[in-house]
Engineer: 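One structure, as structure tokens, below. Some questions next.
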Amino acid sequence: MAEAHSAVAFSFSITHEGFDINYDQEVLNLVWQSGVRSWKKRIARFRNGLRNGIYPAHLQSLWLVIAIAVALHFSGKRVPFDMVNSIRPILPGDSALWQLVACSLTGLVFWLSICYTMRYSLKLLLMYKGWMYEARGKGKSVSIKTKLWGAIVKVLSTWNKPGLYSFQGSLPRLPLPSVHNTMTRYLRSVRPLLDDENYNRMTQLAKEFESGIGNKLQRYLTLKSWWSTNYVSDWWEEYVYLRGRSGLMVNSNFYGIDAVFTKLTDNQAARAGNITHRLLNFRRLVERQELEPILVQGLVPLCSWQYERIFNTVRVPGIETDKIVHYQDSNHIVVIHKGCYYKVIIYHKGRLLRPCEIQIQMENILKGDNTPLPGEELLASLTAGDRAKWAETRFSHFSKGVNKQSLYIIESAAFIVSLDDRDYEFDMEHEEKLDHYSRMMLHGNGHDRWFDKSFTVCVGRNGRVGFNAEHTWADAAVLSHMWEHYIVEEILANRADAPIKGHVWEYVVANEISAGYDDNGNCLGTAEFQPPTPTRLSWELKTPGCLTAIDEAHEAAQLVLNDLDLKVLVQNDYGKGFMKTCGVSPDAYIQMALQLAYFRDAGRFSLTYEASMTRLFREGRTETVRPCTIESAAFVRAINKKPQWNVEECVKLMRASCSRHQLGYQDAMCGKGIDRHLFCLYVVSKYLEVESPFLKEVLSEPWRLSTSQTPHGQTTLFDFSKNPEYISAGGGFGPVADDGYGVSYIVAGEDLIFFHVSAKKSCPQTNATVFANRIREALADIRTLFEEYKKLTSNGTTSSHKKASNGVANHN
């Protein structure tokens, strides 16, 4: 009851002596500050919206155009189209003041015309994708057309410094491929997976679809592509994510881990305070749109709309479909420690708390009484399990009273921090420590991450950090950008000699990046005041059926996490430095190694998924690249002929397969993919209640090898090439198919690659450790292949008949 009384800020009563008024000045002051902060954000959003609406023009240029109109008019010269004199008759008067009004309106019209001309000119320019297909690098030439295009884009986009969302109105819509082109690409992609009989059958199904129901479905999809901003993204979010009824843990959520080669503090509370402050600073950059938009090659912008929902966002369960709820603002985070939940206020006295002040709050939690209420310790298991069951439990037991209030505090928090009661370690001599580290980031103990939240920051007892992220609201590249930005800020705060770029010190000063760690591992600085004390959340979980539902969800979560097989491969024999000397794309090189590894593991080829972005278009998310191609299959068969192989032939096939893969990746980024188009055609068929044997078979094909590269270098504040030890070790996800592998990798330097390999223990055909070793062997074989080829070319002995019998050590 004490909390209920303290929540009353103002009350009055009528007595025989008159009015009796009571109020709490501190609470009213908090209400006032909250309102002021809210209005400041509204004004900032309006100002940014206006700036973005006229980008790439300057808002200040309006006054220049009006001044020109006034000067022309009062000097006796006519404004173009004589617009001032056309406006004057409809005004109430003809005094000098009204003439100024006419000039202002004229200037506004001309200014808006200039703004939208520039904006749509930039949009037309950004529709050009020829630059994507032109070779780049040393010794490569770019066409005059692309050079001219690039120069014009550069002029328009640098005319005014862009904010995070400035390019949104200039980004083109995702183009809709023709049915014929998609059928052609699809049939080519499945050729190495099917024998002649099944390939002929699939070809016939594709022809029947294209000449029949496909055209009707395409017409409806064409209307959607005209009407909507992006014909894929809303359906992708709805049907792939929100309507999925299986648990989020392992099946959907993904994780990221620390920069493992460096360690700045062992103090858990200090690291938690620092990362909380840094991430909230990142939120401020996003809200103010001060974060630089990502430009491909420093020129072409990527869509930034996914950044809107990084913070204050939750996936709310439903019986048939979930929904994403984003709160406009939040002045608190929620901390989980030893099964207890705490609300932590992160703004006080008109400003964001500093790292040293948040550290005090974290220490209060760590030193406090952490005895969970009945059912509280396993509560988060509800977010890990079946979505429909969680929705029923939520409605029955969390829709009123103290449970509703506490759940609202969790779901409206900026993000979740989990202060874990275990160490997270990395040791090159004991790789199993990194495996355990990664498993804990992906699923924890099944009840210490709130899997519904946009992300949960996990802080180990020894100061190591990582995150677990919900996938619906955005793709991994957005979280990777946020995570990289945090790591960079921490480096800048702790290293005066960090290799940074010229403008960064302005950024450091403007964003108060000054507090690192002292010799004892504590956050530098002194608290200016006693920060708000964390408030323990209350629960009433003893209602009939509630504890049973929590226990059932916990048991289901334990089955899922115990079935996960996860191995992290630290490939430090060589990296992209050697790959680039081979004249191929490092990503294509790695994908060919994965094809070779899978073929050796499974004895066959399989449908392979590689995620590619479509953020060159507005509201773009991802497209599928299919690395298993006719060319890759030919290369794998050729290099797998051990103990003898034809070196020259293998290298030729390798380069051809990498070129084909690169073309597929370029097509996917340019809106010429296969799978999103087929997916949307399938959705239309379901709406129209028509059956398509072709679409049904295509959409039921399992992705037994699902891969993704974690990007880095998305921030311009730090040069990672000079200090690769500060690159995060990446992250990963669970397997997509029950009998398949999930492989995430990050090229962490010239000589270092992390592979995160996942599978299910319940499948006898898969083993994450074995497959990780297969990847290592495949990479070693391909390196040996190119080394032998370089020796032959340097000796001038290559020919189509030259054999090398000592190409690779036999790993069988």
Side-chain angles (χ1 to χ4, degrees), residues 3 7 34 248-249 253 268-269 271-280 282-283 309-317 325-348 352-353 357-366 368-373 375-384 390 394 398 402-421 441 444-459 465-470 473 531-541 550:
E3 290 142 339
S34 177
L248 301 182
M249 186 186 73
N253 285 26
Q268 184 178 23
R271 193 79 193 274
N274 207 325
I275 191 171
T276 299
H277 176 83
R278 303 299 179 205
L279 294 181
L280 291 170
F282 187 84
R283 182 179 74 162
R309 301 189 293 185
I310 295 179
F311 300 93
N312 325 331
T313 300
V314 67
R315 174 170 167 171
V316 176
V325 176
H326 173 68
Y327 298 88
Q328 286 296 322
D329 193 18
S330 178
N331 71 340
H332 71 279
I333 62 169
V334 166
V335 175
I336 305 174
H337 179 56
K338 291 187 177 179
C340 303
Y341 293 78
Y342 300 85
K343 178 181 179 180
V344 179
I345 301 296
I346 39 85
Y347 281 89
H348 191 58
L352 175 65
L353 296 182
E357 293 164 347
I358 300 176
Q359 179 182 344
I360 294 173
Q361 295 176 309
M362 299 297 173
E363 287 172 344
N364 288 338
I365 293 173
L366 291 171
D369 178 19
N370 303 117
T371 303
L373 299 170
E376 184 180 15
E377 183 178 7
L378 305 180
L379 180 62
S381 296
L382 292 170
T383 68
W390 171 209
R394 177 191 173 94
F398 294 87
V402 67
N403 286 352
K404 180 180 180 180
Q405 295 172 12
S406 295
L407 183 61
Y408 172 79
I409 290 172
I410 291 174
E411 294 185 337
S412 63
F415 53 89
I416 306 293
V417 174
S418 179
L419 298 177
D420 293 344
D421 193 31
M441 294 305 105
N445 56 23
H447 52 78
D448 55 359
R449 282 92 177 94
W450 199 267
F451 296 101
D452 286 357
K453 281 296 289 183
S454 54
F455 68 94
T456 299
V457 174
C458 313
V459 186
V465 296
F467 69 84
N468 178 283
E470 204 278 315
W473 61 273
T533 302
T535 305
R536 176 81 179 271
L537 299 188
S538 298
W539 305 96
E540 293 178 359
L541 305 175
I550 293 173

Engineer: Walk me through whether Val344 and Ile365 qualify under side chain to side chain contact (heavy atoms under 4.5 Å, CB included).
Structural biologist: CA-CA 10 Å; Val344 179; Ile365 293 173; 3.9 Å; yes
Engineer: Is any side-chain heavy atom of Asp452 less than 4.5 Å from a side-chain heavy atom of Glu470?
Structural biologist: no
Engineer: Can a side-chain donor-acceptor contact be found between Glu357 and Gln361 if the only test is distance below 3.5 angstrom?
Structural biologist: no
Engineer: Judged by atom type as modelled, is there a donor-acceptor pair below 3.5 Å linking the side chain of Thr276 to the main-chain atoms of Gly273?
Structural biologist: no
Engineer: Please assess Val335 against Leu419 for the test side chain to side chain contact (heavy atoms under 4.5 Å, CB included), listing each intermediate value before the final yes or no.
Structural biologist: CA-CA 7 Å; Val335 175; Leu419 298 177; 3.7 Å; yes
Engineer: Judged by atom type as modelled, is there a donor-acceptor pair below 3.5 Å linking the side chain of His277 to the main-chain atoms of Leu353?
Structural biologist: yes
Engineer: Find the distance between CD1 (Ile409) and OH (Tyr341) and round it off to the nearest 0.5 Å.
Structural biologist: 13.0 Å
Engineer: Glu540: what forms a side-chain contact (heavy atoms from CB on, under 4.5 Å) with it, not counting sequence neighbours?
Structural biologist: Val402, Asn403
Engineer: So, using salt bridge (charged side-chain N to carboxylate O under 4.0 Å, His left out) as the criterion, who are the partners of Glu376 when residues are at least two apart?
Structural biologist: Arg536
Engineer: Treating Ser406 as the side-chain partner and Trp539 as the backbone partner, does any N or O pair qualify as donor plus acceptor under 3.5 Å?
Structural biologist: no
Engineer: Please check: side-chain N/O of Thr383 versus main-chain N/O of Phe451, any donor-acceptor pairing under 3.5 Å?
Structural biologist: yes
Engineer: Testing Val334, Val314, Asn312, Thr313 one by one against Glu411 for a side chain to side chain contact (heavy atoms under 4.5 Å, CB included), which residue passes?
Structural biologist: Val314
Engineer: If the condition is side-chain contact (heavy atoms from CB on, under 4.5 Å), which residues does Tyr408 pass it with, not counting sequence neighbours?
Structural biologist: Tyr327, Ser412
Engineer: Output the distance between atom CG (Leu379) and atom CG (Leu373), rounded to the nearest 0.5 Å.
Structural biologist: 10.0 Å
Engineer: I'd like to know if the side chain of Arg309 reaches the main chain of Trp473, judged simply by a donor and an acceptor atom lying under 3.5 Å from each other, with no hydrogens or angles considered.
Structural biologist: yes
Engineer: Is the backbone of Val459 close enough, under 3.5 Å, to the side chain of Gln268 for a donor and an acceptor to pair up by distance?
Structural biologist: yes
Engineer: Rounded to the nearest 0.5 Å, what's the gap from CZ on Phe467 to OG on Ser454? Could you check?
Structural biologist: 11.0 Å
Engineer: For Phe455, check ring-ring contact (aromatic ring centres under 6.0 Å, His included) against everything at least two apart and list the hits.
Structural biologist: Phe311, Phe415
Engineer: In Å and rounded to the nearest 0.5 Å, what is the CD1 to OG1 distance from Ile360 to Thr533?
Structural biologist: 10.0 Å
Engineer: Arg449: which residues meet the salt bridge (charged side-chain N to carboxylate O under 4.0 Å, His left out) condition with it, sequence neighbours left out?
Structural biologist: Asp420
Engineer: In Å, rounded to the nearest 0.5 Å, how long is the span from CD of Gln359 to CG of Asn364?
Structural biologist: 10.5 Å
Engineer: What pairs with Asn370 under side chain to side chain donor-acceptor pair (under 3.5 Å), at least two apart in sequence or on another chain?
Structural biologist: Tyr342
Engineer: Let's go through Ile333 and Ile416 carefully: what are the C-alpha distance in whole Å and the side-chain angles of both, what is the deciding distance for side chain to side chain contact (heavy atoms under 4.5 Å, CB included) to 0.1 Å, and is it a yes or a no?
Structural biologist: CA-CA 6 Å; Ile333 62 169; Ile416 306 293; over 6 Å; no
Engineer: In terms of side-chain heavy atoms, does Trp450 have a donor or acceptor partner in Asn468 at a distance below 3.5 Å?
Structural biologist: no
